[in-house]
Amino acid sequence: MKKFLLSAAVASLALGASAQQNFVTNGDFEDTNYENHFPWEWDEAAGNLDYLPGWTLSGNDDWCVLLNIVEPEIDDEHTFEGNTQCLHIYRFDDNGWQAGGAEQVVTGLTANQVYTLGAIVARAGGETVEWDDPYFRIELTPLDDNGEEYGAGNLIDDKDDAICSSDVWSFYEKVFKAPASGNVRLRLSHNNVKWEGNHSEGFWMDIDDIAIMTPEDYEQYLANKSAGVSDISVAAQGQVLGVYNLRGVRVADNAEALGAQKGFFIVRTTDGAQKLVK
């Protein structure tokens with residue numbers, strides 16, 4: 001398992017930054033007060049949530065769409081030591097007649113302020129019958145002052161590849177403007193309409209570290225998260241393989257090629273990686 005290697009000065013800067021305000025409750029799914037049951041005797045690992053702190057569950061039928069809390073794979077790029085739980089959404093393979101998922105009402109946003117909805121996501125498609133139309137979906141819906149939908153279109157409405165096209169962790173990030181009420185509904189869902197007796201397999205989505213923040217807070221949040229590894233040492237001295245931003249996009253061949261660009265970057269080398277603050 002590779003580790004990010006931070007200089008002492010960079011580590012001090014990143015770890016000492018003030019906390020950012022995340023308007024999503026339990027967006028990292030680390031609250032251990034969830035409750036679930038295990039519907040099938042033949043699969044002891046497969047659970048279905050009955051209660052998830054901060055979230056309202058809907059349509060999570062044992063024979064349609066299920067939700068479970070699982071342990072994410074630590075890759076030190078998107079997930080780090082101390083991240084012990086993520087949300088797993090999947091379907092029952094041999095049935096299905098409805099969508100299921102989790103949602104929450106987010107309040108307290110400043111009217112007309114720009115915010116970032118960010119998360120890390122991994123997703124896999126699969127095989128199913130021809131009349132099935134499976135998709136995973138992330139929706140952000142504006143609400144009125146009473147917390148009710150009022151006919152306006154979704155602020156964000158993404159499905160499948162617009163969310164994530166890989167079965168390993170990747171970043172999901174969208175910018176939106178808060179409605180006048182400051183209230184929105186965030187919904188995560190999957191549909192399953194192949195009907196009883198028909199088979200599908202291989203459909204699932206993992207999601208974690210969901211945040212609604214100002215863009216500035218979200219940038220700092222990503223920087224602080226990647227600084228949270230346990231092994232902090234001197235910078236790697238190996239051959240530089242490239243410079244990447246915190247979303248995993250290559251931006252330069254080496255640190256010198258960044259020129260006047262400012263921000264947080266990861267310099268990947270043959271010996272590991274070094275965080276760079278400019």
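- Proximity of a side-chain donor or acceptor of Q220 to a complementary backbone N or O of Q20 within less than 3.5 Å is not detected.
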Candidate pair D206 and H88, rule side chain to side chain donor-acceptor pair (under 3.5 Å), full reasoning: CA-CA 5 Å; D206 288 349; H88 181 64; 2.5 Å; yes

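- Of all heavy-atom pairs between C64 and G96, the closest is SG-CA, 3.8 Å.
- Here the side chain of H190 pairs a donor or acceptor atom with the backbone of Y135 at under 3.5 angstrom.
- Each of I120, I207, L117 was checked for a side chain to side chain contact (heavy atoms under 4.5 Å, CB included) with Y172, and the lone residue meeting it is L117.
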Could you check E30 against T84 for side chain to side chain donor-acceptor pair (under 3.5 Å), going step by step and ending with a plain yes or no? CA-CA 7 Å; E30 291 297 316; T84 62; 2.6 Å; yes

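- A side-chain donor-acceptor contact under 3.5 Å links K225 to the backbone of H78.
- The salt bridge (Lys or Arg N to Asp or Glu O under 4.0 Å) test with R137 singles out one residue from D158, D160, D161, D157, and that residue is D157.
- Partner of L67 under the side chain to side chain contact (heavy atoms under 4.5 Å, CB included) criterion, out of D50, N36, L188, L87: L87 alone.
- A donor-acceptor pair under 3.5 Å is formed between the side chain of N192 and the backbone N or O of N95.
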Is there a side chain to side chain donor-acceptor pair (under 3.5 Å) between K194 and S200? Walk through the geometry before answering. CA-CA 8 Å; K194 62 184 177 298; S200 69; 3.3 Å; yes

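- Between R91 and D132 there is a salt bridge, since at least one side-chain N of the basic residue sits less than 4.0 Å from a carboxylate O of the acidic one.
- With a 4.5 Å cut-off on side-chain heavy atoms, W97 and W63 count as touching.
- W55 and L186 get closest at one heavy-atom pair: CH2-CD2, 3.8 Å.
- Other residues, nucleotides and ligands contribute over 12 non-hydrogen atoms within 6.0 Å of the CD atom of Q113.
- N48 places a side-chain N or O within 3.5 Å of a backbone atom of N60 that can act as its donor or acceptor partner.
- The heavy-atom pair separating A45 from N68 by the smallest distance is O-ND2, 3.6 Å.
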